[in-house]
J.: 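Submitted below is the structure of interest, expressed as structure tokens.
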Amino acid sequence: MTGRITIDLFTTLDGVAQAPGGPDEDTSGGFTWGGWQTPYQDQIIGREIMAGISAMDALVLGRRTYDIFAAYWPQHEEGDAEGAIGRRFAEIPKYVASRGDVDLRWAGSHRLGEDAAASVSALRERHDDIHVIGSIDFVHSLLAAEAYDELVLWVYPLVLGTGRKVFPDGTMPARLKLLAPAVTGDSGVVSLRYGPDGAPTTGDITA
């Protein structure tokens, strides 16, 4: 058996996945809605997110997301809530997709090879449960190559109208299949779990 690759993305109803965690997370393109996820405190969704983090045995991040995580999570390893996440991240290997130099001072960090998508696929031989969190630019390359087993979209009930999207114009056409029933939190956040399902097909509804 080889390991599974899961992509976790926090997104709005209109598909924006940019800077969910904080105002200064990613202001590229003049984005002013950083931190849009923060007001949604949801125990049901929180448990779902924590279950995924607890199960993973490897974490893959794009360069921008890695820098954010590396600056934050080593300082948050105490307590029951954030501390549980920080401790789990400290325990597992972290892999960074970057074309340039990257500071790997976060213990257990490694840089992926030049072909990052192929390098992630190679991790299947070493790990059972590999997660890619955020890292929207890198995720675009994984989606285009269908180099994943599961895409988890945490869909929040708001529309921003601007920002980098999960599926921007020009995305490789693809069909997805639902892998499990949707989970809906008290705040209206919905967790959707999809897997790749080949190329789209068309038909004629009037035939």
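All values below come from the heavy atoms of this structure, side chains included, with hydrogens, waters and symmetry mates left out. The residues of the chain are indexed from 1 along the displayed sequence.
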J.: At their closest point, which heavy atom of Y40 faces which heavy atom of L158, and how far apart are they?
T.: OH-CB, 3.7 Å
J.: Rounded to the nearest 0.5 Å, what separates atom CZ in R111 from atom CZ in R99?
T.: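 Rounded to the nearest 0.5 Å, the CZ-CZ separation comes to 10.5 Å.
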J.: Donor-acceptor pairs are to be reported for all side-chain atoms of residues 131-145 against protein atoms at under 3.5 Å, with residues two or more places apart or in another chain.
T.:
unit_1, atom_1, unit_2, atom_2, d
H131, ND1, D8, OD2, 2.6
H131, NE2, D129, OD1, 3.0
S135, OG, G62, N, 2.8
S135, OG, T65, OG1, 3.4
S135, OG, I133, O, 3.0
D137, OD1, R164, NH2, 3.0
D137, OD2, R164, NH2, 2.9
H140, NE2, K165, O, 2.8
H140, NE2, V166, O, 3.3
S141, OG, F138, O, 2.6

J.: Report yes or no: do F69 and W154 belong to one cluster of Ile/Leu/Val/Met/Phe/Trp/Tyr joined by side chain heavy-atom distances under 4.5 Å?
T.: yes
J.: Hey, what do you get for OG (S121) to CG (D115), rounding to the nearest 0.5 Å?
T.: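 Answer for the OG-CG pair, S121 versus D115, is 8.5 Å.
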J.: For Y66, check ring-ring contact (aromatic ring centres under 6.0 Å, His included) against everything at least two apart and list the hits.
T.: W106
J.: Please table the atom pairs, donor to acceptor, closer than 3.5 Å between any side-chain atom in residues 176-196 and protein atoms at least two apart or in another chain.
T.:
unit_1, atom_1, unit_2, atom_2, d
S187, OG, D42, OD2, 2.7
R193, NE, E150, OE2, 2.5
R193, NH2, E150, OE2, 3.0

J.: Do the side chains of F10 and M56 join up, straight or via other hydrophobic residues, at under 4.5 Å, putting them in one cluster?
T.: yes
J.: Given the rule that I, L, V, M, F, W and Y join up when any side-chain heavy atoms are under 4.5 Å apart, are Y72 and V60 in one cluster?
T.: no
J.: So, taking the atom named OG1 in T12 and the one named CD in Q18, what distance separates them when rounded to the nearest 0.5 Å?
T.: 10.5 Å
J.: Does some side-chain heavy atom of E125 sit less than 4.5 Å from a side-chain heavy atom of T2?
T.: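 Touching, per the 4.5 Å side-chain cut-off.
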J.: Does this structure show an ion pair linking K94 with E91, if we count only N-O contacts that are shorter than 4.0 Å?
T.: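 No.
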J.: Could you check whether the rings of W73 and H76 sit parallel, tilted or perpendicular, using 30° and 60° as the cut-offs?
T.: perpendicular
J.: Roughly how far apart are I53 CD1 and L59 CG, rounded to 0.5 Å?
T.: 8.5 Å
J.: Do T162 and V16 touch side chain to side chain, with heavy atoms closer than 4.5 Å?
T.: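 Side-chain contact under 4.5 Å: no.
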J.: Membership question, hydrophobic clusters at under 4.5 Å side-chain separation (ILVMFWY): are F89 and V120 in the same one?
T.: no
J.: Report yes if some heavy atom in the side chain of V152 is under 4.5 Å from a heavy atom in the side chain of L9; otherwise report no.
T.: no
J.: So how far is it from I5 CD1 to L123 CG, rounded to the nearest 0.5 Å?
T.: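 Output value for this atom pair is 7.0 Å.
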J.: Within the supplied structure, the quantity of interest is the number of heavy atoms (other residues, nucleotides, ligands) at a distance under 6.0 Å from D169 CG; does it exceed 12?
T.: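 Atom CG in D169 is not crowded, with 12 or fewer foreign heavy atoms closer than 6.0 Å.
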J.: Could you grab the distance from atom CZ of R88 to atom CE of M50, nearest 0.5 Å is fine?
T.: 8.5 Å
J.: If Ile, Leu, Val, Met, Phe, Trp and Tyr residues are connected whenever their side-chain heavy atoms lie under 4.5 Å apart, and connections chain through other members, are I85 and I92 in the same group?
T.: yes
